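A short write-up of the structure that comes next.
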Amino acid sequence: MSRYKTFTIAIPTDADGFVGRACDAPGCKQYFKIYVPDHGDYLHCPYCGVRFSRNSLFTSPQLKYAKEAAIEEARVYAINEFQKMFKNAFRGSKNITYKPGRQPTKRAVRPDYVEREVDTEFHCAECSIRFQVYGIFGFCPGCSCENLQVYDANWANIKRKLDTEPDKNRQRRHAYGDLVSTFEVFCNRKATRVSSEKGNFQVLFDARKYFKDHAGVDMLASVTGNNLLALRRVFQKRHVCIHAGGEITDRYIKMIPEDAKLLGTKVVLTVEELETAATAMRIALGVLVKSIEQPG
Ligand SMILES: [Zn+2]
Ligand SMILES: [Zn+2]
């Protein structure tokens, strides 16, 4: 007989069939959900890309539940085993009769948590997995694809929030920030393919220089005219919104001399500019996808 007894405890899904996961990579530690029937044996964190087995990255409330449920299974199993053991031991004995007590009943162990609400659900066209994330993500947890589909999903999410948030100004500010974050996450992923050196991908021309130096490719080669201007403005406007209370600074004018007469005024954020920049960004990231090999 084995020295160990294994109990399998299923982690309950939410009402839509998703189970939460908590990445344990340092610097990430973020929460996401995956639709259970879609699981393969290995998954990836959609934010940082760490690969993990389907039987890991459970959240602490899930583990607490699993432990309690396993203890209850073990309790009932142990009582049954003892009863069997005594029955066998006293079988045929004239002096002692063993009368087992009542069959133990399993107490229902229910999770004392609910999975968190996560704002956005995606369905990967490459591997068909369904997953839910908070905000910007880097790639699909099922196939880890890091192509333009990931960019498109993030942009669709930014646009969806633009339409639904009642405070338009606040939402535009977030959308400018989210678009730059999408770029940053995407570039970080591609950068790991070409160099161990870190890049500053919150700055458009630093990103361009990085990939020129490390991959020999100019990601902005075919982004010109108004498209390039909109893209440059989105990066700089995001910067002044975060660091200068939304006011056009000298630093901004140095980066966008076209806006020199706007020095000291409040920055203007428009959906049109954001859309033009998003199109330009897609072209720039498409250049990276084409020129930097995906891992085999
Ligand atoms: Zn992660
Ligand atoms: Zn996928």
Side-chain angles (χ1 to χ4, degrees), residues 11 13-14 16-64 66 113 115-160 174 177-202 281-282 285-286 288-296:
I11 301 293
T13 66
D14 69 8
D16 301 318
F18 288 77
V19 164
R21 300 294 189 139
C23 178
D24 62 359
C28 180
K29 309 261 177 197
Q30 293 185 81
Y31 180 83
F32 57 99
K33 289 192 205 172
I34 296 187
Y35 186 66
V36 167
D38 290 345
H39 276 198
D41 286 344
Y42 289 94
L43 296 163
H44 294 261
C45 167
Y47 309 104
C48 75
V50 74
R51 184 173 181 263
F52 62 95
S53 128
R54 60 179 296 156
N55 291 323
S56 60
L57 299 200
F58 291 112
T59 65
S60 354
Q62 287 167 351
L63 291 173
K64 181 172 165 273
Y113 64 91
E115 294 291 0
R116 283 181 254 167
E117 284 294 318
V118 182
D119 62 359
T120 314
E121 182 174 327
F122 293 104
H123 193 162
C124 175
E126 299 273 324
C127 71
S128 303
I129 202 170
R130 284 164 63 195
F131 58 102
Q132 298 178 343
V133 289
Y134 283 122
I136 305 304
F137 69 100
F139 51 102
C140 165
C143 65
S144 107
C145 80
E146 47 183 274
N147 58 24
L148 283 178
Q149 198 201 118
V150 169
Y151 171 78
D152 292 340
N154 279 312
W155 170 237
N157 187 28
I158 293 170
K159 268 204 302 198
R160 185 180 58 77
H174 284 175
D178 284 349
L179 189 63
V180 173
S181 296
T182 302
F183 180 85
E184 193 186 5
V185 169
F186 204 100
C187 288
N188 269 322
R189 301 272 307 125
K190 289 297 172 197
T192 59
R193 305 265 169 265
V194 295
S195 170
S196 55
E197 203 178 297
K198 283 240 167 265
N200 178 6
F201 303 123
Q202 284 184 356
M281 187 180 285
R282 192 178 194 282
L285 296 179
L288 292 189
V289 170
K290 257 201 209 127
S291 55
I292 298 170
E293 289 267 314
Q294 296 234 2

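We count ligands from 1, going down the list as the structure has it; atoms in each ligand are counted the same way. No experiment lies behind these values; they were computed from the predicted model shown. The analysis underlying the following values was restricted to heavy atoms, covering all of them including side chains, and did not include hydrogens, waters or symmetry mates.
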**Asked** Without hydrogens or angle criteria, can the side chains of Arg160 and Thr120 be said to hold a donor-acceptor pair below 3.5 Å?
**Response** yes
**Request:** Walk me through it: do Cys124 and Val150 pass the test side chain to side chain contact (heavy atoms under 4.5 Å, CB included)?
**Result:** CA-CA 9 Å; Cys124 175; Val150 169; over 6 Å; no
**Asked** Passes salt bridge (charged side-chain N to carboxylate O under 4.0 Å, His left out), Lys29 versus Asp24? Steps please.
**Response** CA-CA 5 Å; Lys29 309 261 177 197; Asp24 62 359; over 6 Å; no
**Item:** Residues Gln62 and Glu115: side-chain donor-acceptor under 3.5 angstrom
**Value:** yes
**Prompt:** Given the rule in the ring-ring contact (aromatic ring centres under 6.0 Å, His included) test, do Phe137 and Phe32 qualify, once you have shown the distances and angles that lead to the verdict?
**Reply:** CA-CA 10 Å; Phe137 69 100; Phe32 57 99; over 10 Å; no
**Message:** If we only look closer than 2.8 Å, how many protein N, O or S atoms does the Zn ion (ligand 2) have near it?
**Reply:** 4
**Message:** Can you classify the ring geometry of Tyr31 versus Tyr134 as parallel (below 30°), tilted (30 to 60°) or perpendicular (above 60°)?
**Reply:** tilted
**Message:** Looking at Tyr42, I'd like to know if the NZ or CZ of Arg54 sits under 6.0 Å from its six-membered ring centre while staying within 45 degrees of the ring's axis.
**Reply:** no
**Asked** Any donor and acceptor pair, going by atom type alone, linking the side chain of His44 with main-chain N or O of Gly49 inside 3.5 Å?
**Response** yes
**Request:** For a side-chain contact (heavy atoms from CB on, under 4.5 Å) with Trp155, tell me which candidate from Ile158, Asp152, Asn157 qualifies.
**Result:** Ile158
**Complete:** Result, protein N, O or S atoms below 2.8 Å from the Zn ion (ligand 1), excl. waters, equals 4
